[in-house]
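A short write-up of the structure that comes next.
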4 protein chains.
Amino acid sequence: MNTFGQALRVTTFGESHGPALGAVVDGCPAGVALSEDDLQPALDRRRPGQSRLVTPRKEADRVRILSGVFEGRTTGTSIALLIENEDADSSKYLDLRDLYRPSHADYTFDAKYGHRDWRGGGRASARETAARVAAGAIAERLLPGVEIVAWVSDVADVGSEVDEAIVTRADVDVNDVRCPDAAAAAQMTARIEAARRDKDSVGGCVRCVIRGVPAGLGDPVFGKLDAALAGAMIGIPAAKGFELGSGFDGTRLRGSEHNDAFVMRDGRVATATNRSGGVQGGISNGEAVTFRVAFKPVATIFRSQPTVTRDGEATEFAARGRHDPCVLPRAVPIVEAMAALVVADALLRQRQIAGF
Amino acid sequence: MNTFGQALRVTTFGESHGPALGAVVDGCPAGVALSEDDLQPALDRRRPGQSRLVTPRKEADRVRILSGVFEGRTTGTSIALLIENEDADSSKYLDLRDLYRPSHADYTFDAKYGHRDWRGGGRASARETAARVAAGAIAERLLPGVEIVAWVSDVADVGSEVDEAIVTRADVDVNDVRCPDAAAAAQMTARIEAARRDKDSVGGCVRCVIRGVPAGLGDPVFGKLDAALAGAMIGIPAAKGFELGSGFDGTRLRGSEHNDAFVMRDGRVATATNRSGGVQGGISNGEAVTFRVAFKPVATIFRSQPTVTRDGEATEFAARGRHDPCVLPRAVPIVEAMAALVVADALLRQRQIAGF
Amino acid sequence: MNTFGQALRVTTFGESHGPALGAVVDGCPAGVALSEDDLQPALDRRRPGQSRLVTPRKEADRVRILSGVFEGRTTGTSIALLIENEDADSSKYLDLRDLYRPSHADYTFDAKYGHRDWRGGGRASARETAARVAAGAIAERLLPGVEIVAWVSDVADVGSEVDEAIVTRADVDVNDVRCPDAAAAAQMTARIEAARRDKDSVGGCVRCVIRGVPAGLGDPVFGKLDAALAGAMIGIPAAKGFELGSGFDGTRLRGSEHNDAFVMRDGRVATATNRSGGVQGGISNGEAVTFRVAFKPVATIFRSQPTVTRDGEATEFAARGRHDPCVLPRAVPIVEAMAALVVADALLRQRQIAGF
Amino acid sequence: MNTFGQALRVTTFGESHGPALGAVVDGCPAGVALSEDDLQPALDRRRPGQSRLVTPRKEADRVRILSGVFEGRTTGTSIALLIENEDADSSKYLDLRDLYRPSHADYTFDAKYGHRDWRGGGRASARETAARVAAGAIAERLLPGVEIVAWVSDVADVGSEVDEAIVTRADVDVNDVRCPDAAAAAQMTARIEAARRDKDSVGGCVRCVIRGVPAGLGDPVFGKLDAALAGAMIGIPAAKGFELGSGFDGTRLRGSEHNDAFVMRDGRVATATNRSGGVQGGISNGEAVTFRVAFKPVATIFRSQPTVTRDGEATEFAARGRHDPCVLPRAVPIVEAMAALVVADALLRQRQIAGF
């Protein structure tokens with residue numbers, strides 16, 4: 001299953017140290033203005049080497065559109081996206097081919113397939129998300145009037161305060177940690193730097209708001225908008241938790257405290273509060289869709305850790321080379337991309353099921 | 001989208017107050033011993049009226065198998081399950097047809113379809129989950145050696161302590177609140193009863209452990225086992241959060257604290273701890289799969305709340321009739337059913353992709 | 001795979017001699033006027049016992065809508081259709097459980113599943129098509145302005161002449177053989193009666209025209225409208241051939257003879273001839289879609305034929321009971337139903353992919 | 001819909017004169033030996049310029065594997081195939097952008113999408129089949145013991161006699177027309193040359209036999225093996241007809257003449273004849289699967305033909321440049337590739353549904 005989506009279907013391919021990775025986007029309506037320049041900014045936000053907080057791997061991550069666009073507009077046929085791997089020196093991974101890095105996918109790939117590309121994590125590498133980000137940028141082209149903004153809301157024990165009603169991507173990108181709360185960002189940076197000094201890593205959360213989603217997207221039973229978002233987000237490498245609107249904290253409220261009263265606002269049905277997170281019964285209600293995603297601390301650390309080899313021998317492993325002590329800042333555009341894919345897919349499906 | 005799963009596909013149908021609801025289960029291998037008696041116990045655990053904690057609606061919820069089983073074994077063709085609605089008096093909902101109950105799906109259905117079955121929530125009713133529970137019981141038949149046990153871990157501010165390695169469904173069913181920690185269960189019951197007295201409702205969490213999942217289930221990119229579980233769980237009515245293994249709390253740990261060291265145990269690769277929750281890189285690693293699902297407080301309360309009518313007039317709404325102050329105990333078999341569907345689907349897909 | 005279609009998905013279930021058969025239709029837009037009375041006429045045309053030419057099995061084939069319709073209109077959620085089996089005396093099949101009827105699916109079911117419902121063919125019975133016909137009648141409701149008319153064009157060596165531009169279902173139903181060419185119909189009837197007298201059976205062809213299909217339906221590569229029709233038609237029991245437009249005969253023409261010149265007609269692009277059969281490059285061109293389906297002679301005959309038992313012993317088999325000597329007249333509504341499902345599916349998909 | 005298959009899913013992309021075309025093959029089991037050298041021979045058989053009978057367009061059609069294969073074996077993840085377009089001079093098509101070539105997809109693409117890549121047919125070009133052929137070669141790797149052989153059985157009015165039990169691809173490739181009946185091949189060549197001299201084109205049929213298909217592949221209702229083959233074949237550009245086994249001719253037989261008696265052969269259940277074409281009730285019966293596909297005469301001819309412009313003005317069109325007068329020889333590997341995809345898909349699905 002390397003395909004995501006029902007109406008807007010994204011099929012990705014590629015390994016960290018193979019010749020290339022990419023995606024085929026199928027189901028995109030015809031006539032949408034699209035060029036490589038529309039995709040590159042999203043990839044630039046995701047790619048490594050942007051700041052001293054993240055991995056120094058050098059990848060230009062230039063995306064090429066191979067099909068499905070003609071004279072600057074989509075044709076309605078499949079759009080192939082290709083990103084060549086440039087900095088793919090796999091020799092440094094040679095000593096990893098026969099051991100299982102803790103909390104990585106090395107063992108599970110072997111258990112599943114009996115055979116794996118061990119170079120830099122192969123298909124399990126977070127590098128695979130470059131293809132998702134490129135596809136997500138296409139999805140955003142289908143969502144005029146929809147604003148998707150994600151940011152690092154938590155790093156380790158440091159939280160933040162951000163006004164979801166107005167925050168922009170420009171606000172988010174103002175610092176390297178991608179937290180628009182400047183005071184929190186400074187503390188988060190300190191946590192990340194401390195982890196780096198300790199040859200360790202930190203985790204945290206990304207919060208995302210989607211403003212301008214029209215009411216009526218998502219299906220009531222198995223195609224719920226929030227369920228699709230949950231699956232999309234937990235499918236991002238290192239994600240361990242998802243909550244919509246009030247989430248886990250909301251479980252401590254009573255119904256009378258939690259319910260969102262309906263009111264009229266600007267001539268339309270709205271809610272006075274938004275503990276629902278913009279989705280009710282699996283369908284968008286016109287309020288901002290808000291959710292938070294938990295990311296575990298990066299598994300790759302420079303400390304020595306006990307593990308076993310493929311042959312079941314006890315051994316030790318300490319990472320070398322280039323690795324983030326914190327995945328959060330680079331997760332921001334990935335969260336946005338997956339959110340865009342989910343909402344665009346729901347939008348296209350709604351074109352089909354809507355009143356006849 | 002009323003279909004769930006890729007290899008084991010469950011298509012459900014039916015409204016709360018229509019003539020019947022049910023499911024068609026497709027992709028079930030041939031030769032599996034199956035009868036209605038295998039399905040009824042799960043339905044009995046889900047159905048209303050089991051205790052004074054939950055809704056007194058009287059439904060026998062008898063499930064009939066209409067196809068796909070012959071001489072006590074599955075034939076490999078589609079299995080249709082039918083549950084007739086018996087206690088479907090919709091007259092009491094007549095006054096609801098023109099207003100939007102707060103934090104229900106009334107408004108979003110209208111926004112989506114322009115037309116809805118307003119009788120008892122129609123397709124958005126939690127009654128729809130009866131079909132999922134019946135289908136889940138079929139999925140369990142495909143999982144010999146796998147034990148799926150869910151329980152109420154939290155109600156409002158009351159948590160619990162349960163040994164995930166040994167807890168059984170019998171332990172869970174020992175009390176009405178379905179929490180195998182007796183002291184916690186007593187407190188939870190008090191919270192629920194207090195909410196009922198206050199014409200209010202409470203939320204909470206269900207925790208689930210799946211023991212015996214073989215290593216290798218789930219796909220690395222978009223068909224991740226944990227992502228599928230997340231989508232399945234957030235697709236349950238009233239679910240607002242999902243976390244696997246260490247979840248949100250794990251984001252506060254450092255990598256050196258969070259990583260699960262590989263060790264040899266009983267001659268196989270195992271992990272010394274299980275913060276990963278049994279899934280690494282989207283694929284099961286042979287450890288217990290553990291997750292927690294957050295459920296908001298029940299939206300239906302007997303207090304008067306402000307809302308609007310379909311015509312946009314301000315009005316008040318207070319529920320009447322039969323309604324749970326707490327959805328948690330009945331969510332337990334639903335969580336188990338959806339978990340079974342996810343794992344069985346992954347198991348069947350693994351039969352296809354595994355080494356040739 | 002008991003599901004047909006991408007946007008309009010029909011999942012069928014049921015065996016010939018089980019308690020019931022039916023279908024779940026998913027993806028039908030909301031707001032479509034629909035009642036059981038819209039479905040029954042199609043079922044009545046398909047059901048046995050309509051004339052002395054076809055099987056005398058007595059089945060009322062009453063269809064019930066269990067979900068997805070409220071106050072006379074579709075809700076946009078899954079529509080369940082149920083047809084109870086009434087005349088399901090399977091005792092007469094007891095002697096068939098251990099032998100393989102020639103050119104039936106008995107052996108292949110055993111080879112596939114190792115287990116089969118041998119009562120009246122079980123899932124392989126043409127009775128299963130009742131569910132398709134009911135679903136097809138829903139599809140027709142999505143196709144105002146589209147006229148689908150099929151008829152028996154050939155029986156054994158007898159062909160016919162019918163004006164595809166104007167033929168109606170009423171014309172077709174004017175005789176039992178469902179051939180609107182009266183002279184041919186008389187000869188066909190003679191062929192069928194002769195076969196019956198000889199305890200034998202005959203084959204033939206059904207031709208179908210779909211008028212009013214808007215240009216632009218079907219996808220260019222794998223979702224071609226003609227390919228979907230081909231798959232749908234060959235999926236009907238006993239179908240062995242499919243040809244669109246000029247079909248096999250057209251292979252003897254030269255390009256200059258076969259090409260359909262474009263002309264303007266009534267202010268729109270049209271073709272002077274229609275050897276393409278209304279589809280070019282997999283996409284409808286606005287002309288009538290025309291095709292022909294070949295059906296082999298009925299496998300069930302009253303003559304004794306050599307075969308083998310499940311244990312590989314040579315034996316003889318001669319059918320008893322009620323069986324058509326000719327499947328053609330009853331295939332007519334099935335061809336129409338499958339055609340309606342294909343075109344409606346393409347129409348809904350077009351709503352999604354069309355210019356944005 | 002640019003994806004084919006359920007278990008083995010092939011998603012293709014690319015236009016005739018874009019930068020590249022290709023496919024992503026998903027669902028291929030892990031551990032299958034595979035290299036580019038396994039794919040190239042099939043592409044070489046399909047590519048233009050092989051003989052004086054077919055188009056002289058020069059394309060090396062070198063296929064690259066970009067992912068999913070490591071150390072010479074498939075990894076179980078998505079396999080991306082890329083074929084660069086080399087000889088993509090689209091300038092000669094400039095005069096076609098505003099008119100509709102007769103019996104091409106020019107008009108229907110405009111009707112569907114409102115926008116099309118007019119260079120050489122764009123996505124509708126038969127060049128797109130190169131991606132299918134490459135994917136089909138992967139499918140063949142999953143079918144050890146299965147032999148798929150197609151050949152040109154008819155050109156215009158010239159038929160042929162070939163022993164389906166023993167014919168090989170080497171026999172087929174012995175002449176340019178790809179008909180292993182030498183006498184017929186000579187006549188076919190004469191027909192093609194005559195058409196070329198007349199600035200015209202011819203049609204014909206491809207016959208295909210698949211030997212060694214195990215009994216039990218295909219699903220009984222909507223996933224029938226023959227229906228899948230029909231859809232796959234009619235999805236090939238210019239295909240207008242499909243027949244399995246006895247096909248259209250078989251409709252003239254009586255049941256007693258048409259039925260295939262079961263016998264024991266080599267210790268297994270077999271049929272004395274094979275009018276069923278190897279499929280009964282949609283499921284393979286272990287006999288050779290045999291079918292025939294009709295291809296219309298090539299639409300592109302060098303004679304002047306009347307047509308209309310996009311603006312609805314009457315005009316004339318005569319092709320220039322490089323074009324086949326007969327598509328048949330190059331259709332042979334395409335038919336084989338699509339057949340391989342269908343059978344491999346059924347094989348993988350059978351791994352999932354087979355007795356548990």
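Here is how names work: the chains are called A, B, and so on, in the same order as the sequence lines, proteins then strands, and each is numbered from 1.
When every heavy atom of L82(B) is checked against every heavy atom of A20(B), the shortest pair comes out as CD1-CB, 3.9 Å.
The part of R116(B) that comes within reach of chain C is its backbone (N, CA, C, O), which places non-hydrogen atoms under 4.5 angstrom from that chain. Heavy atoms of D117(B) lying under 4.5 Å from chain C belong to its backbone as well as its side chain.
Top candidate by heavy-atom pairs under 4.5 Å with chain C, chosen from R64(B), H115(B), E71(B), R9(B), is H115(B). Counting heavy-atom pairs closer than 4.5 Å to chain B, the top residue among G27(C), G22(C), G122(C), G76(C) is G76(C).
For CZ of R320(C), the number of neighbouring non-hydrogen atoms (other residues, nucleotides, ligands) closer than 6.0 Å is 12 at most.
Ring centroids of W118(B) and F109(B) are separated by 6.0 Å or more, keeping the two rings apart.
Here the straight-line distance linking atom CD1 of I65(C) with atom CD1 of I138(C) works out to 6.0 Å at 0.5 Å rounding.
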